[in-house]
Amino acid sequence: MNNQAGAARAYNPAEIEGKWYAYWESNGFFEADSESGKAPHVIMMPPPNVTGALHMGHALQDTIQDVLTRLRRMQGFEALWMPGKDHAGIATQNVVERHVKSTRGESRHDLGREDFIAEVWKWVEEYGGRILQQKRCIGDSCDWRRERFTMDEKYVKAVQAIFVRLYEDGLIYRGSYLVNWCPVDQTALSDEEVDNVEQEGHLWHVRYPFAQDSGYVTVSTTRPETILGDTAVAVHPDDERYQHIIGQNVVVPLVERIVPVIADTYVRPEFGAGALKITPGHDKNDFEIGRRHGLDMVTVLDTNAIVNGNGGQFAGLDRFEARERIVDQLAQSDLLDKVEPYKVSVPVSQRSKAVIEPLLSRQWFVRMKPLAEPAIEAVRRGDVRFYPRRWQNEFFRWMTEMRDWCISRQLWWGHRIPVWYHIDDEGKPDAERDYIVAVECPGEGMVQDEDVLDTWFSSWLFPFATLGWPGEDATTRSDLDFFHPTQVLVSGYDILFFWISRMIMASLYVTGEVPFRDVLITGMVKDRYGRWMSKSLGNGIDPIDMIQKYGADAVRYQLTVVCAQGQDVRLHPEGFERGRNFCNKIWNAFNVFGRFLDSNKEYPLRPFTEGSLVERWMVTRLNEAIEAINADIDRYRLNEALTKIHSLFWGDYCDWYLELIKPPHGEPMPDATVGLAAKLYERLIQLLHPFMPFITEELWHRVKRRGPQEACIVSVWPQVTGDLDDPACEVFSRFQDIVTSVRNIRSRYRISPARSVHLVVSLAPGSVQLESPLLACEPYFRRLARVAMLDVGVQVERPKACATSVIGDMEVYLPLAGLVDLEEERRRLTQDLDRKVSFLKRVQGKLTNTRFVERAPVAVVELERQKERDTDSEIRRLRASLEAIA
RNA sequence: GGGCGGUUAGCUCAGCAGGUUUAGAGCGUCUGCCUUACAAGCAGAAGGUCGGGGGUUCGAAUCCCUCACCGCCCACCA
């Protein structure tokens with residue numbers, strides 16, 4: 001049946017997408033030039049991990065960034081969308097490590113550092129470009145010439161330069177602190193890389209015997225294995241129960257260490273027995289207390305979280321095994337008072353999911369306060385604006401609470417720390433002697449720090465490092481001057497703290513400017529039940545699959561339309577049908593006038609006022625829409641803008657305009673009609689282009705033969721070109737109301753679309769001026785409602801046996817001898833009447849309220865008065881019609 | 001323990017700088033159509049006291065308070 005014919009005519013994205021992407025790229029349309037003389041519009045792409053594959057989150061954020069980039073390009077800006085890849089330290093190291101293990105059964109230690117890094121580079125070169133290749137499928141219009149990698153040569157220089165500068169400014173220091181140690185990845189982590197997970201655990205109450213006297217004090221702990229490292233017991237200084245034991249010594253069970261009882265206000269007397277064991281080597285609070293009281297710091301776990309020599313009989317046991325054994329022994333020795341079930345918050349590595357061990361370790365830190373303060377100020381001044389606004393508060397909260405940033409990582413893959421140590425007798429770096437902070441090796445007998453930097457320590461430079469900073473030549477300098485600060489950053493809230501905040505700090509520190517004016521925070525992609533998409537759940541939707549199935553434009557359409565202000569978005573595969581259907585509509589609409597179109601010919605346009613009613617109406621609709629769409633875009637309401645274009649295209653252009661300009665069977669379409677149809681279609685195509693670039697570029701060239709310089713992608717964004725209150729619109733909107741009402745009646749009485757009807761429109765005396773324009777609509781009525789005979793007049797007498805409908809100050813009569821069901825008519829009219837009467841009551845309620853009339857703006861009151869008059873008139877007409885039936 | 005978001009039609013969600021909204025869209029449902037651009041379509045219809053309660057206001061889905069669920073983020077309490 002039609003399916004087959006329909007399928008042949010259906011839009012097939014696969015046929016054209018590749019072609020146009022190559023066309024754009026080869027013509028250099030994505031390239032941005034700092035010398036163009038235009039105003040810049042720059043977006044920095046959040047650089048995806050080199051190891052990554054494209055997921056829906058990227059697809060969503062890229063679509064938004066591309067829409068903004070294409071739009072600004074069309075609006076005459078020098079639009080730069082700066083692409084890049086992130087070396088992603090731990091993630092990449094892990095991936096390559098697994099790869100090496102599985103392909104040749106070797107660990108990275110088998111290879112050694114140098115060879116392993118060579119492997120990583122090989123891997124990056126082979127697979128690293130994949131994600132950016134996938135991004136091309138979505139249509140990303142990035143300036144690929146500028147593509148950067150956070151480990152490329154220039155970038156390395158930038159990272160080293162800022163390290164040295166921060167160090168010289170006293171903002172980077174080396175220190176021994178308890179850091180978040182991941183025993184699986186064998187590295188320190190920043191606080192942001194650690195999640196706290198609530199788990200069912202236990203609270204063990206343990207007796208610590210006094211060293212001199214008999215008796216004991218009971219302490220409570222959730223981590224009995226840390227007993228091995230206890231160096232004090234603390235009580236609250238005001239706790240009367242314990243005044244007498246402060247200063248006494250107790251014996252730490254199992255290790256028999258004699259430790260003092262100290263007083264510290266940190267202890268909460270009401271918790272457990274009110275006494276706290278102190279393990280400065282394995283607990284951040286205890287560490288602080290230890291420092292206050294000058295306590296010994298005993299480390300009992302090694303970097304694998306295995307009990308070390310300080311653990312006596314437990315040495316060699318894993319921390320959790322040790323815990324069990326220790327509890328057993330305590331119980332046997334009658335030192336275990338009791339055990340309670342207890343909810344504990346366990347720190348876990350975001351990446352490896354391993355339980356983090358606070359471990360005393362020498363690391364490099366960035367002093368955050370001096371960097372945070374200018375950033376907070378900048379946001380407070382409004383130099384950076386968050387959309388939606390609420391994220392600003394999240395930003396402030398984090399910036400004020402933030403602690404110093406541990407930036408050294410015990411990994412192989414990453415930026416080496418530019419610090420140099422003297423070599424000791426064994427040829428190893430001597431961390432105890434003076435070190436030198438420098439980009440180049442400062443001289444003989446010096447060796448570079450083994451550690452690398454946190455990945456984010458390079459990403460936070462992205463906005464200026466990719467534009468040429470530190471800049472050794474004139475070209476790069478002018479790029480930085482011209483393109484920085486950028487206009488808008490589009491990202492999810494998941495990296496607000498990791499990246500967005502830090503970029504603001506870095507740019508202000510280095511350039512004195514904010515990195516971007518606006519921050520558009522998108523929601524996160526979820527599955528149809530609102531769950532995160534994850535590999536383990538297997539609920540992810542592959543954007544590439546969706547693009548192959550529905551087309552890139554369809555995917556972009558759906559992602560844009562579904563993405564409201566910062567709200568998480570739920571996706572399911574069938575949802576993309578909506579975009580596909582729209583593409584198909586756009587595709588087929590072209591044929592209506594395209595059949596008559598000669599794409600080599602110029603079609604001169606008639607002056608606006610000489611156009612037909614529907615043409616004037618459509619032009620005005622377009623102008624109204626452009627205005628509204630621009631307003632939406634300026635507020636980053638892309639979903640609303642696209643919905644408006646959708647409804648303009650489908651609801652107005654296709655359903656009314658095209659339907660009315662279609663010539664009867666076999667007849668040609670006049671040139672003037674073709675010309676305007678094509679012109680309007682072009683405007684719609686342009687409005688759609690930022691959102692759906694492929695199909696629009698294809699059709700743009702079908703409408704008219706054009707050279708590359710006239711491509712849709714570089715065409716000028718549509719302007720409002722006329723008056724927004726054309727009188728034709730009033731007539732046309734009446735016409736639409738009447739048509740709808742006739743169709744309604746036809747449907748109610750099951751009148752076949754093939755059957756013609758006689759239509760009578762009765763106008764109120766006040767609307768005489770509509771009489772002849774509506775009569776002139778006869779061909780329109782014939783086409784859209786199969787009206788064979790039309791009567792329009794003022795207060796026309798109601799024909800016998802007709803269906804009736806009241807719209808405003810008009811009555812619509814459809815004489816239908818033998819078909820009209822009087823009961824049905826009565827029911828309909830009564831229902832209408834009831835509705836109007838209750839509405840009128842509401843309106844009159846307002847108008848009789850003197851406070852409303854006094855206080856509401858005049859325009860609002862006048863509007864209500866108008867409603868009252870209209871409704872009152874409708875009610876009278878409905879009553880009259882009901883009487884006529886009775 | 002703090003902070004934030006959500007609760008609107010059967011489903012997924014818009015709308016929330018109070019008044020042209022007598023609350024919209026897509027999907028789904030129902031009715032009728034293969035009307036030569038499109039059945040991935042056309043026409044029509046049904047369906048919501050905008051989570052509960054209170055308040056501010058001439059006027060509240062929209063602002064304030066409160067309660068109830070659902071979700072997220074942050075936090076050093078053994």
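Convention: sequence-line order gives letters A, B, ...; per-chain numbering from 1.
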Mind telling me whether A/Phe590 and A/Phe593 have parallel, tilted or perpendicular rings, with 30° and 60° as the class edges?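 Perpendicular.
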Nearest of [options] to any side-chain atom of [X]?
X: A/Leu863; options: B/A14, B/A37, B/U20; result: B/U20
X: A/Leu658; options: B/A78, B/A75, B/A37; result: B/A37
X: A/Arg390; options: B/A78, B/A37, B/C4; result: B/C4
X: A/Arg743; options: B/G44, B/A78, B/G19; result: B/G44
X: A/Lys585; options: B/A17, B/A40, B/A37; result: B/A37
X: A/Thr221; options: B/A78, B/C16, B/A37; result: B/A78
X: A/Pro753; options: B/A14, B/C33, B/U22; result: B/C33
X: A/Asn588; options: B/C76, B/A37, B/C73; result: B/A37
X: A/Asn744; options: B/C74, B/G44, B/A37; result: B/G44
X: A/Phe271; options: B/C73, B/A78, B/U36; result: B/A78

Can you check the [X] [atom1] to [N] [atom2] distance for me, whole Å?
X: A/Trp398; N: B/C74; atom1: CH2; atom2: P; value: 11 Å
X: A/Asp655; N: B/U35; atom1: CG; atom2: P; value: 17 Å
X: A/Asn196; N: B/G1; atom1: CG; atom2: C1'; value: 14 Å
X: A/Met524; N: B/C73; atom1: CE; atom2: P; value: 10 Å
X: A/Glu198; N: B/C72; atom1: CD; atom2: P; value: 13 Å
X: A/Asn849; N: B/U57; atom1: CG; atom2: P; value: 13 Å
X: A/Glu868; N: B/U22; atom1: CD; atom2: P; value: 15 Å

Does [X] place a side-chain N or O at less than 4.0 Å from the phosphate oxygens OP1/OP2 of [N]?
X: A/Arg397; N: B/C4; answer: no
X: A/Arg755; N: B/U35; answer: no
X: A/Lys836; N: B/U22; answer: no
X: A/Arg595; N: B/A37; answer: yes
X: A/Tyr749; N: B/G44; answer: no

Distance, C1' atom - from B/U22 to B/A61, rounded to whole angstrom: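 So the two C1' atoms sit 15 Å from each other.
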Separation of the P atoms in B/G71 and B/C65, to the nearest angstrom: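 Pairwise P distance, B/G71 against B/C65, rounds to 24 Å.
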If you measure from NZ on A/Lys343 to CD on A/Glu198, what distance do you get to the nearest 0.5 Å? 6.0 Å
If I take atom CZ from residue A/Phe649 and atom CG from residue A/Leu642, how far apart are they, to the nearest 0.5 angstrom?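 CG of A/Leu642 is found 12.5 Å from CZ of A/Phe649.
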Would you mind classifying the nucleic acid contact of [X] as base, sugar-phosphate or nothing, using non-hydrogen atoms under 4.0 angstrom?
X: A/Cys654; value: base
X: A/Gln866; value: nothing
X: A/Thr850; value: nothing
X: A/Tyr557; value: nothing
X: A/Lys846; value: nothing
X: A/Trp650; value: sugar-phosphate
X: A/Val853; value: nothing
X: A/Arg635; value: base
X: A/Glu288; value: nothing
X: A/Thr643; value: nothing
X: A/Ala564; value: sugar-phosphate
X: A/Glu640; value: sugar-phosphate
X: A/Phe593; value: nothing
X: A/His665; value: base

What about the rings of A/Tyr266 and A/His236, do their centers lie closer together than 6.0 Å? no
Ring centres of A/Tyr557 and A/Phe691 under 6.0 Å apart?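 No, the ring of A/Tyr557 stays outside the 6.0 Å limit from the ring of A/Phe691, centre to centre.
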Examine the base of B/A43 for any acceptor or donor lying under 3.5 Å from a partner atom in the side chain of A/Glu659, and report the outcome as yes or no. no
Pull out every residue in residues 565-582 of chain A that has a heavy atom closer than 4.0 Å to any atom of RNA chain B, ordered by number, or say none.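 Only A/Gln567, A/Arg570, A/Arg578, A/Arg580, A/Asn581 qualify.
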How far apart are the closest heavy atoms of A/Tyr11 and A/Asn584, and which atoms are they?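 Taking A/Tyr11 first and A/Asn584 second, the nearest heavy atoms are N-ND2, 2.9 Å.
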Side-chain contact test, heavy atoms from C-beta onward, threshold under 4.5 Å: evaluate it for A/Tyr749 versus A/Leu816 and give yes or no.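 When only atoms from C-beta onward are counted, A/Leu816 and A/Tyr749 do touch, with a gap below 4.5 Å.
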Among A/Arg869, A/Lys846, A/Arg842, find the one that has a salt bridge (Lys or Arg N to Asp or Glu O under 4.0 Å) with A/Glu864. A/Lys846
How is the base pairing of RNA chain B summarised as a dot-bracket string, given the Watson-Crick and G-U wobble criteria with both distances under 3.5 Å, [ ] for crossing and | for another strand? (((((((..((((.....[....)))).(((((.......))))).....(((((..]....))))))))))))....
Going by the glycosidic torsion and a 90 degree boundary from 0, is the base of B/A23 oriented syn or anti? anti
